[in-house]
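Hydrogens, waters and symmetry mates play no part in the numbers below; they use all other heavy atoms, side chains included.
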Amino acid sequence: MSKALERIYNGLIKENPTFVLTLGMCPTLAVTTSAINGAGMGLSTMVVLILSNVFISLLRKIIPDKVRIPAFIVIIASFVTIVQLLLQGYVPSLYDSLGIYIPLIVVNCIILGRAEAYAYSNPVIPSLFDGLGMGLGFTVALTLIGACRELLGAGQLFGYQILGADNVFYQAGSLRPLAMFLGEYTNISIFIMAPGAFFVLAFIIAAMNRIRRSAAKKGKRIAPASDCTGCMGKNCAECAGGLKDDTSIQKQDETPVQRNVNTSSQEQNGASVQDGAAQDTENGEGESAT
């Protein structure tokens with residue numbers, strides 16, 4: 001049970017896919033014009049993430065290693081199609097709002113990265129909670145960004161008017177002074193436009209970095225800052241699973257000819273060191289005999 005809670009905690013706080021690993025930026029910036037859109041996209045991704053993690057973990061000993069990525073994509077695409085049809089049938093308004101970003105869940109870095117980095121090498125139950133934790137972290141991040149943008153840009157929250165004229169507080173007579181105060185708010189429309197997503201995301205990440213640095217000064221360690229920014233220079237699997245050490249990356253980037261050259265040069269260096277040591281020993285014995 002402790003390991004399951006640890007996976008959920010990692011997904012929510014320590015390895016949050018949006019605020020720490022900065023993965024899945026395309027839907028994060030595109031669909032978070034409102035809190036309901038962010039929550040809908042996050043929950044849809046979480047369902048696909050949980051199901052794909054479970055099935056990949058179940059089939060990890062059957063899927064050949066050489067074709068694991070195509071197999072992952074087929075499994076993920078199957079669940080995305082199911083989620084897309086369910087949204088189209090039962091929540092058509094949300095389906096129309098999310099649009100093309102629902103089928104694009106297939107190529108989301110978070111899902112493919114967790115399949116490669118965790119589900120393919122771990123049992124079913126931990127993989128399920130890993131998908132749940134990452135999905136919750138993604139959902140919370142998108143809902144928070146969408147809520148900030150909707151509140152500042154339209155004065156609303158989940159469709160309810162909170163700021164500006166005719167806000168919901170006018171309905172309660174005891175809250176009339178608060179309603180009049182909030183009624184003076186003027187919407188900042190840029191927050192529901194494309195640049196608003198970058199502004200809100202930047203402010204939230206900056207606040208998290210400030211909290212992390214303050215905790216580090218007190219000797220606490222909340223979450224390590226990600227060395228991978230949006231999968232630049234690395235594939236998604238390495239982003240989600242953590243960067244490898246420099247030596248292993250260098251060995252992977254080397255061609256077979258370079259490995260042979262490096263190995264032979266290391267052997268020559270070792271032989272020269274041994275010859276030098278032997279010569280020093282002979283010189284020392286000659287001096288002592290003299």
Backbone of T186 reached by a side-chain donor or acceptor of E184 within 3.5 Å: no

Check: S57 side chain, N122 main-chain N or O, donor-acceptor pair, under 3.5 Å: yes

From [X] [atom1] over to [Y] [atom2], what is the distance, rounded to the nearest 0.5 angstrom?
X    : Y    : atom1 : atom2 : result
I56  : I63  : CD1   : CD1   : 6.0 Å
I110 : E15  : CD1   : CD    : 12.0 Å
L58  : S127 : CG    : OG    : 8.5 Å
I8   : E6   : CD1   : CD    : 11.0 Å
L59  : F72  : CG    : CZ    : 10.0 Å
E150 : N187 : CD    : CG    : 10.5 Å

Between E116 and R68, is a salt bridge (charged side-chain N to carboxylate O under 4.0 Å, His left out) present by the stated rule, with each step listed? CA-CA 8 Å; E116 171 73 11; R68 66 186 187 281; 2.9 Å; yes

Is it the case that one hydrophobic cluster holds both [X] and [Y], taking links as side-chain heavy atoms less than 4.5 Å apart, direct or via other members?
X    : Y    : result
L94  : I82  : yes
I192 : Y160 : no
V74  : V107 : no
V91  : L104 : yes
F199 : M193 : no

Do N53 and L128 pass the side-chain contact (heavy atoms from CB on, under 4.5 Å) test, and can you show the C-alpha distance, the side-chain angles, and the key distance before you say yes or no? CA-CA 6 Å; N53 268 19; L128 185 150; over 6 Å; no

Taking all atoms of both residues into account, what is the closest heavy-atom pair of [X] and [Y], and its distance?
X    : Y    : value
F138 : G42  : CD2-CA, 4.1 Å
S52  : I75  : CA-CG2, 4.3 Å
A147 : L157 : CB-CD1, 3.6 Å
S44  : V83  : CB-CG1, 4.0 Å
Y120 : D65  : OH-CA, 3.6 Å
G137 : N16  : O-ND2, 3.3 Å

Hey, are the side chains of [X] and [Y] touching, using non-hydrogen atoms and a 4.5 Å cut-off?
X    : Y    : answer
Y90  : L85  : no
Q156 : L151 : no
L152 : Y185 : yes
P27  : N108 : yes
L23  : T18  : no
V20  : R212 : yes
F79  : I105 : no
T32  : N37  : no

Cation over ring face, R7 and Y118, 6.0 Å, 45°: yes

Go through it in stages, so that I can follow the logic: the residues are F191 and C148, the test is side-chain contact (heavy atoms from CB on, under 4.5 Å), and I'd like the CA-CA distance, side-chain angles, deciding distance and then a yes or no. CA-CA 8 Å; F191 280 101; C148 293; over 6 Å; no

Under the ring-ring contact (aromatic ring centres under 6.0 Å, His included) rule, what pairs show up with a residue in residues 18-51, not counting sequence neighbours? none

Side chains of R60 and S121, donor plus acceptor under 3.5 Å: no

Carefully, step by step, assess L201 and M25 under the rule side-chain contact (heavy atoms from CB on, under 4.5 Å). CA-CA 10 Å; L201 180 64; M25 289 293 101; 3.7 Å; yes

Would you please test T45 and T139 for side-chain contact (heavy atoms from CB on, under 4.5 Å) and show each step? CA-CA 8 Å; T45 305; T139 303; over 6 Å; no

Which of L112, V80, I111 passes side chain to side chain contact (heavy atoms under 4.5 Å, CB included) with V106? It is V80

